[in-house]
Amino acid sequence: MPKPIIAIVGRPNVGKSMLFNKIIGKRLSIVEDTPGVTRDRIYGESDWCGRAFTLVDTGGIEPRTDSQILEFMRDQAQTAIETATVIVFLTDIRTGLTASDQEVAAMLLRSGKPIVLAVNKMDSTGAPDPDFYEFYNLGLGDPIAVSAVHGHGTGDLLDAC
Ligand code: GDP
Ligand code: MG
């Protein structure tokens, strides 16, 4: 069986690069406060429970934009989606569910690829933030709570992938 490709997609600044780095274990990807810093696709190799996979970090999808850089990033993400075996759709508890998330979800569903929904920046353990439940509205099944900073939930995420 060819090595599966897991692509991390979502809006800029939700923590895709930080999650990528947490899973790959090397600081290969660039983490920045400025949305749009990862412009190209970045690949890394890892394995989970004996299964090797390729992980792809993307620059992020801003559904509506006039910026050429953000348009370029969206095209790059689209290419990553097309080549992926499974897509990790990363969202952010700090912003909650946004209209752009809804649009990205629609774009991902059109791809016909399996989608694993994750909500990042869930840094504290215990009872989840009530805003977490909003993400069920995307209709993508149970969201997985993760913290790219701490690594919480990344095992569950890879299990789901
Ligand atoms: P990307 O644009 O989706 O690749 O997002 P980045 O990985 O560059 O992260 C954007 C910002 O979110 C940075 O300031 C990160 O430090 C922050 N961030 C990423 N993951 C987490 C997390 O799990 N918890 C918290 N509190 N901040 C995070
Ligand atoms: Mg990034």
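Just so you know, ligand 1 is whichever comes first in the structure, and atom 1 is the first atom listed for that ligand.
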Chemist: Backbone, side chain, both or neither: what part of Asn13 comes under 4.0 angstrom of ligand 1, heavy atoms only?
Modeler: both
Chemist: So is Val14 polar-close to ligand 1, meaning N/O to N/O under 3.5 Å?
Modeler: yes
Chemist: Which bit of Asn120 gets closer than 4.0 Å to ligand 1, counting heavy atoms only: side chain, backbone, both or neither?
Modeler: side chain
Chemist: Looking at Arg94, which atoms of ligand 1 are within less than 4.0 Å of one of its heavy atoms?
Modeler: 26 (N)
Chemist: Does ligand 1 have a heavy atom under 4.0 Å from the side chain of His150, from its backbone, from both, or from neither?
Modeler: neither
Chemist: Evaluate the salt bridge (charged side-chain N to carboxylate O under 4.0 Å, His left out) criterion for residues Glu62 and Arg74: first the C-alpha distance (whole Å), next the side-chain angles of each, then the deciding distance (0.1 Å), finally the verdict.
Modeler: CA-CA 7 Å; Glu62 196 57 75; Arg74 191 176 55 208; over 6 Å; no
Chemist: Looking at Glu82, I'd like to know if its CD atom is crowded, meaning that more than 12 non-hydrogen atoms belonging to other residues, nucleotides or ligands lie closer than 6.0 Å.
Modeler: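 More than 12 within 6.0 Å, yes.
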Chemist: Please tell me whether Asp142 and Tyr136 have a donor and an acceptor in their side chains that are separated by less than 3.5 angstrom.
Modeler: yes
Chemist: What's the shortest heavy-atom distance between Gly15 and Lys121, and which atoms?
Modeler: N-CE, 4.5 Å
Chemist: Taking distance alone, with N or O pairs closer than 3.5 Å, would you say Asp57 contacts ligand 1?
Modeler: no
Chemist: Counting heavy atoms only, which part of Pro12 comes closer than 4.0 Å to ligand 1: side chain, backbone, both or neither?
Modeler: backbone
Chemist: Keeping Asn120 on the side-chain end and Val14 on the backbone end, is there a donor-acceptor pair under 3.5 Å?
Modeler: yes
Chemist: Please state whether the separation between the Mg ion (ligand 2) and some N/O/S atom of Ser17 is under 2.8 Å?
Modeler: yes
Chemist: Kindly identify the option in Gly15, Ser124, Ser17, Gly151 whose heavy atom sits closest to atom 9 (O) of ligand 1.
Modeler: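 Heavy atom nearest to atom 9 (O) of ligand 1 belongs to Gly15.
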Chemist: Checking the N or O distance criterion of under 3.5 Å, is ligand 1 in contact with Gly59?
Modeler: no
Chemist: Does the salt bridge (charged side-chain N to carboxylate O under 4.0 Å, His left out) test come out yes or no for Asp101 and Arg11, once each step is laid out?
Modeler: CA-CA 7 Å; Asp101 287 327; Arg11 291 180 295 107; 2.8 Å; yes
Chemist: Any salt bridge linking Lys3 with Asp47? Criterion: basic side-chain nitrogen under 4.0 Å from a carboxylate oxygen.
Modeler: no
Chemist: From the options Leu55, Ile87, Thr85, select the one residue that forms a side chain to side chain contact (heavy atoms under 4.5 Å, CB included) with Ile5.
Modeler: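 So, applying the side chain to side chain contact (heavy atoms under 4.5 Å, CB included) to Ile5 and each of Leu55, Ile87, Thr85, only Thr85 qualifies.
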Chemist: Identify, by atom number and element, the atoms of ligand 1 in contact range of Lys16, meaning under 4.0 Å from any of its heavy atoms.
Modeler: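 It comes down to these atoms of ligand 1: 1 (P), 2 (O), 3 (O), 4 (O), 5 (O), 7 (O).
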Chemist: Does Ser147 come within less than 4.0 Å of ligand 1, judged by its heavy atoms?
Modeler: yes
